[in-house]
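Reviewing the structure listed below.
Ligands are counted one by one from 1 in listed order, and the atoms in each one are counted from 1 as well.
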Amino acid sequence: MTILHHIQGSRSHRVLWLLEELGEPAEIRLWSLTDGSLRSPEFRALSPAGRVPALEIDGRVIFESGAIVQYLTETRGRLAPMPGDPERGAFLEWVHFAETQGNILQSLNIHHIFLRPDTARSVPLMRLDTKRLEITMRALETRLTGRDWILGAFSAADCMFGFNMDAMFRFVPRESFPAIADWVTRAKARPAHIRAVERGGDTIYTREFYELPDG
Ligand SMILES: N[C@@H](CCC(=O)N[C@@H](CS)C(=O)NCC(=O)O)C(=O)O
């Protein structure tokens with residue numbers, strides 16, 4: 001049985017959405033970001049850095065969401081241009097670009113949501129990461145202008161943004177990014193995305209928008 005190690009609203013949402021798109025039956029095992037369980041030997045045996053996602057599949061465990069997305073598309077032969085296809089390079093670029101952006105979003109999540117007390121936060125770093133996020137969003141906006149999906153047709157590269165989609169507009173206003181906003185609306189309306197949210201949980205955010213603090 002395929003088992004996805006998952007936390008609501010985390011990068012494992014990327015994999016859950018892709019599993020649903022592929023129609024791949026999978027059990028979900030839930031973990032917590034805050035109870036210390038990701039540091040347990042049991043979880044570290046699945047994912048050595050203590051991070052989700054990890055996927056038990058085909059008699060092995062894979063960690064790193066980008067690797068899982070590549071593995072699933074290659075072994076199932078669907079939702080990605082395969083090696084040799086002229087679109088393969090673009091597919092790989094955007095899969096890995098999603099994680100570049102994901103790292104910035106993670107830092108903003110930590111600063112805006114998880115770090116307490118507020119004085120533990122670095123406001124200069126929050127400003128820098130907000131700017132860096134905007135730069136990645138400008139690139140994504142350009143890519144999506146005139147395209148419904150990242151490669152034109154829907155692919156696993158879109159699923160790779162599953163964690164990012166809910167996060168981007170919490171830190172950067174949507175007004176300057178109409179192509180991203182339309183793409184997010186289209187993505188969230190997909191039956192597989194709706195099923196993934198029903199099974200794995202929705203947003204972790206309690207505010208529509210997180211302003212940069214003064215300072
Ligand atoms: N590059 C990794 C990053 C995974 C990652 O950092 N996951 C976060 C959740 S979004 C996590 O498990 N964090 C736990 C921690 O940092 O302790 C991937 O894409 O799978």
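- Any N or O atom pair closer than 3.5 Å counts here, and Leu38 shares no such pair with ligand 1.
- Close approach of ligand 1 to Arg14 (heavy-atom distance below 4.0 Å) involves ligand atoms 19 (O).
- Counting only N and O atoms by type, the side chains of His96 and Gln70 include a donor and acceptor under 3.5 Å apart.
- Contact annotation for His5 and ligand 1: no heavy atom of the residue comes within less than 4.0 Å of the ligand.
- By the 4.0 Å heavy-atom criterion, Ile7 is excluded from the residues contacting ligand 1.
- Scanning for side chain to side chain donor-acceptor pair (under 3.5 Å) contacts around Arg195 gives Glu20, with sequence neighbours left out.
- For atom 9 (C) of ligand 1, the nearest protein heavy atom (residue, atom name, distance) is Ser10 CB, 3.8 Å.
- Counting heavy atoms from C-beta on, the side chains of Phe209 and Pro173 come closer than 4.5 Å.
- Looking only at atom types and distance, the side chain of Glu56 has a donor-acceptor partner in the side chain of His5 under 3.5 Å away.
- In terms of protein heavy atoms, atom 16 (O) of ligand 1 is closest to Arg51 NE, 3.4 Å.
- Remark: Glu99 engages Arg14 in a salt bridge, criterion side-chain N to carboxylate O under 4.0 Å.
- In this model, a donor atom of one side chain and an acceptor atom of the other lie less than 3.5 Å apart for Arg11 and Gln106.
- Atom numbering of ligand 1 starts at 1 in the shown order; those under 4.0 Å from a heavy atom of Leu33 are 13 (N), 14 (C).
- Val197 and Phe161 fall into different hydrophobic clusters, defined by Ile, Leu, Val, Met, Phe, Trp and Tyr side-chain heavy atoms under 4.5 Å apart, directly or through other members.
- Using a 4.0 Å cut-off to heavy atoms of Pro53, the atoms of ligand 1 that qualify are 20 (O).
- Note on Leu144 and Trp94: same hydrophobic cluster, where clusters join Ile, Leu, Val, Met, Phe, Trp and Tyr whose side-chain heavy atoms are under 4.5 Å apart, directly or indirectly.
- Given atom 12 (O) of ligand 1, the protein heavy atom at minimum distance is Val52 N, 2.8 Å.
- Of all protein heavy atoms, the one lying nearest to atom 17 (O) of ligand 1 is Arg39 NH2, 2.6 Å.
- Figure legend: Arg190 and Phe154 shown as a cation-pi pair, the cationic atom lying under 6.0 angstrom from the six-membered ring centre and within 45 degrees of its axis.
- Counting only heavy atoms of the protein, atom 2 (C) of ligand 1 lies nearest to Glu64 OE1, 3.2 Å.
- Closest to atom 5 (C) of ligand 1 among all protein heavy atoms lies Arg11 NH1, 3.2 Å.
- Between the choices Gly9, Gly66, Ala49, Ser65, the shortest heavy-atom distance to atom 20 (O) of ligand 1 belongs to Ser65.
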